[in-house]
A.B. asks: 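Have a look at this one before I ask anything.
Values in this document were obtained by computation on a predicted structure and should not be read as measured data.
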Protein chains: 4
Amino acid sequence: MRSEIGREGQHERSFIEKARRAQIIESAVAVISEAGYAKASLARIAQHAGISKGVISYHFDGKHELMEQVVEQTYTAVAENVVRRVLSASTAREMVRTHIMAVAEFMRARPAHLRALGEIFVNLRNDDGSLRYGVAASEPIYRGLEDLFRGGQADGEFRDFDPRVMAVSLQASIDSMFGYWAAYPEHDPEAHARELADIFDHATRAEPRTDESAAPQ
Amino acid sequence: MRSEIGREGQHERSFIEKARRAQIIESAVAVISEAGYAKASLARIAQHAGISKGVISYHFDGKHELMEQVVEQTYTAVAENVVRRVLSASTAREMVRTHIMAVAEFMRARPAHLRALGEIFVNLRNDDGSLRYGVAASEPIYRGLEDLFRGGQADGEFRDFDPRVMAVSLQASIDSMFGYWAAYPEHDPEAHARELADIFDHATRAEPRTDESAAPQ
Amino acid sequence: MRSEIGREGQHERSFIEKARRAQIIESAVAVISEAGYAKASLARIAQHAGISKGVISYHFDGKHELMEQVVEQTYTAVAENVVRRVLSASTAREMVRTHIMAVAEFMRARPAHLRALGEIFVNLRNDDGSLRYGVAASEPIYRGLEDLFRGGQADGEFRDFDPRVMAVSLQASIDSMFGYWAAYPEHDPEAHARELADIFDHATRAEPRTDESAAPQ
Amino acid sequence: MRSEIGREGQHERSFIEKARRAQIIESAVAVISEAGYAKASLARIAQHAGISKGVISYHFDGKHELMEQVVEQTYTAVAENVVRRVLSASTAREMVRTHIMAVAEFMRARPAHLRALGEIFVNLRNDDGSLRYGVAASEPIYRGLEDLFRGGQADGEFRDFDPRVMAVSLQASIDSMFGYWAAYPEHDPEAHARELADIFDHATRAEPRTDESAAPQ
DNA sequence: GATGAATGAGTCTTCATTCAT
DNA sequence: CATGAATGAAGACTCATTCAT
């Protein structure tokens, strides 16, 4: 009901409304994560929540807003969790490793949320057909990682590389860790995360010596 | 159709049929890449091809098969291209670099195909709701990279790491390179590819010395 | 509600209730006149009144009754106004002219009410699908005009014509005056009213002479 | 299907399509005229035509286009019929009378069409909420009548009056004739038409003499 | 081989109404 | 008295599929 952000002039939500919205969002997450975005109709989400279709329309401006809320909620949760832990690390090197491990942990705790997030990212579109959350939605993450990398380079912890490409690649590798685990549930995500941390540790660290270590060709 | 003659295997398709199928596949690629999977209805694909909707149903068993054919065709093209070039390299290290560069090249040559491939990968589902091409579809790639890595490790070119995790991460990083370029067309994909090659060069190569180089924690 | 007390007639409504009903009716008028009948949902009316939807249901038996009340209120106001002024005229000829001018005046004073009235007239239907207010709703007006015309004919002021057809045509012309003004706000309604009075003055008055003035054919 | 006017570059309709469109339009007319615009859902129209809902969407771009087609078809039929007959009259006075009689005739022949026309006129709205056919849609009629009146004034057949107001009033009176007949089916529309012709004959004709004929006040 | 036509299930959304608080 | 919440039916529209020609 009504709109959400920029609450100009109205309406802190009642307790019961917040509860309903939360319930519907959870159902949306569950349905999307199980059946995929395309099959996640309002009917199905309502059915999963045990409510009537109209309730969703009552509490959300439309499917679009519901999806955005799913993203916002999940995203916020991930960010808080991860950022807090990353900031507790002292060196850039440790920060990268912590970032990877923290995301992996969150992923183990809430696989459905992450899956739903992924589905919405690649599917939700604006009216003009453009992706609502494209790569651009990851900008904040890229930016944060870039800063981190630049800091490490300034400190001499990291070698000289393009921080943006490193950020994009790291983020993609983390995402794939989740996807891989989803496909192979017997796979050990923690071990994967540790390996991944090693990979980017080697990829970023300053050259141990002044050898002829640059890439050939 | 697809059943009357020589039903034990495939009947060989007539010239005209092959042409029609190719034409339809190309239109599917174009529409998916422009409008996204969800908006890629048969009607739109037919319109783009300048034919009637019925023709698609005539030449393909259904939308599902059409999508599978799009994947198969594109996939085959990528694989041939990349594999041939990778095999021309002599060391494992060079092979990895060549792999990255070859994919990047293909991607620049056929962005629509890659985009369509991505859309189908994350959207096409079996009747039971499971993803038709999940991570599992990348198994052949993973397998190939694994072998490559293992070879390099045996040769002493590469350090000791989990080849599967490395394969998954590399593949994801390559995919993200494409996605990033799609979102930021002014971004230089070749430079990105070179950076990426450097990243995985550092990530895989044998330790230059017997330092205290392992990651902490 | 509307039933507990004094159920044999109407219970007299409390002050607050009358105020609420008036407020809701005004909002209904405003919304109908701005957005049209089809878009005048209870939700919109409630929103315009700054109250909750339930209130309307509480004070009115349903949308149907609300609409009827809008008609009744407006209709009463028009009738009182016009009738009083018409009766102050002394000849039938002046009465017709006064009738036209009085309606025009009311129309300028309350355009929204007239517009809403019109919308409800052509839209509100009984459960069986028949128009709630069809032409039949204008019977009182027709009747009044008929009497007026007949009086004028008896006095020799008016020529011999069918008073019912004249009444229907006059009323329609008056209504159209309003509609035309609504469509062309720069149009001068008072001039229009004067012209219209002239038209029906010529149409009704007794033949100036005993010419061969009857219509041909 | 596809769009209609401005047939740039495509598509004369097949025989069968024309037939279907005609059939659907007739059903729309019937349903609107019987149940009213608000109840004339695509479902009902389809049911009346004995076809599935989707057929309508297939042959028309949407409900909006269907409604416009109903108007266009009916309008064209009326116009042709009436204009042809009016032009056969020789004096302005006769033309006015013929106009009235011709519309009355058409109205008797196709009451449902006229009723549907009326319903759509006052109900169909553009996306922005404005009436698709407001008074403005009658402009061509007004214009034609105006010319006619001006001609008569120039010839000395008609007295001096505002042709626009006369046109609006005449048209409204004609419309009301139809509405009245619809409400009172036992009413004789031909007699009504004759009376109406008399009314406007008196209203328009030149003053027989130089009496004291101007309106009082 | 190809087409246009038709179907019917499924999509989101709107809405008048009811009800517990 | 008033509210927010919920319902369930009905709305227009989309789409993959089927079929006669």
Side-chain angles (χ1 to χ4, degrees), chain A residues 1-2 11 13-17 19-21 38-46 49-66, chain B residues 1 14 16-17 19-20 38-46 51-67, chain C residues 1 14 16-17 19-20 38-46 50-66, chain D residues 1-2 11 13-17 19-21 38-46 49-66:
Chain A
M1 66 167 317
R2 255 161 288 257
H11 192 64
R13 304 193 192 286
S14 72
F15 168 76
I16 194 165
E17 175 164 10
R20 262 277 184 264
R21 283 174 67 99
K39 287 286 168 87
S41 67
L42 292 189
R44 248 164 120 139
I45 295 170
I51 58 179
S52 123
K53 253 192 314 178
V55 183
I56 300 182
S57 296
Y58 179 74
H59 287 287
F60 295 89
D61 256 4
K63 194 183 190 183
H64 201 88
E65 198 216 334
L66 171 56
Chain B
M1 132 3 85
S14 73
I16 195 167
E17 177 165 8
R20 265 278 186 258
K39 288 283 170 78
S41 65
L42 291 190
R44 255 164 114 134
I45 295 170
I51 58 178
S52 120
K53 258 192 309 181
V55 186
I56 300 182
S57 298
Y58 180 77
H59 285 288
F60 295 89
D61 255 5
K63 196 186 190 181
H64 201 87
E65 200 217 333
L66 170 56
M67 293 299 143
Chain C
M1 141 350 92
S14 73
I16 195 165
E17 177 165 6
R20 264 276 186 261
K39 287 282 169 80
S41 67
L42 291 189
R44 253 165 116 135
I45 295 170
I51 58 178
S52 120
K53 258 191 309 179
V55 187
I56 301 181
S57 299
Y58 180 77
H59 285 288
F60 296 89
D61 256 5
K63 195 185 190 183
H64 201 88
E65 199 217 334
L66 171 56
Chain D
M1 67 165 319
R2 253 162 287 255
H11 192 62
R13 302 195 192 287
S14 71
F15 167 75
I16 195 165
E17 176 164 11
R20 262 280 184 260
R21 282 174 69 98
K39 289 286 166 92
S41 66
L42 292 189
R44 247 163 120 138
I45 294 171
I51 57 179
S52 123
K53 254 191 315 179
V55 184
I56 300 182
S57 297
Y58 179 74
H59 287 286
F60 295 89
D61 256 4
K63 194 185 190 182
H64 201 87
E65 199 217 334
L66 171 55

A.B. asks: Please give, in whole Å, the distance from E:dT17 P to C:F60 CZ?
C.D. replies: 13 Å
A.B. asks: Does D:R20 or A:R44 map to a spot on DNA chain E nearer the 5' end, using the closest nucleotide for each?
C.D. replies: D:R20
A.B. asks: If you assign each of D:G54 and C:A43 to its closest nucleotide in DNA chain E, which residue comes earlier from the 5' end?
C.D. replies: D:G54
A.B. asks: Ignoring hydrogens and geometry beyond distance, is the side chain of C:K53 in donor-acceptor contact with the base of E:dT17 at under 3.5 Å?
C.D. replies: yes
A.B. asks: What is the distance, to the nearest angstrom, from the CD1 atom on D:I51 to the C1' atom on F:dC19?
C.D. replies: 17 Å
A.B. asks: Check every strand shown and say whether A:S41 touches a base, only sugar-phosphate, or nothing at a heavy-atom separation below 4.0 Å.
C.D. replies: sugar-phosphate
A.B. asks: Give the dot-bracket string for DNA chain F, reading 5' to 3', where a pair is Watson-Crick or G-U wobble with both distances under 3.5 Å, ( ) marks pairs inside the strand, [ ] marks pairs crossing earlier ones, | marks a partner on another strand, and . marks unpaired.
C.D. replies: .||||||||||||||||||||
A.B. asks: When you get a sec, tell me which of E:dG4, F:dA5, E:dA2 is the closest nucleotide to the side chain of A:Y58?
C.D. replies: F:dA5
A.B. asks: Nearest of E:dA2, E:dT13, F:dT3 to any side-chain atom of A:L42?
C.D. replies: E:dT13
A.B. asks: In Å, rounded to the nearest 0.5 Å, how long is the span from CD of A:E65 to CD1 of A:I56?
C.D. replies: 12.0 Å
A.B. asks: State which of F:dG8, F:dT17, F:dG4 makes the closest approach to the side chain of B:K63.
C.D. replies: F:dT17
A.B. asks: Would you indicate what B:I56 reaches in the nucleic acid, counting non-hydrogen atoms under 4.0 angstrom: base, sugar-phosphate, or nothing?
C.D. replies: nothing
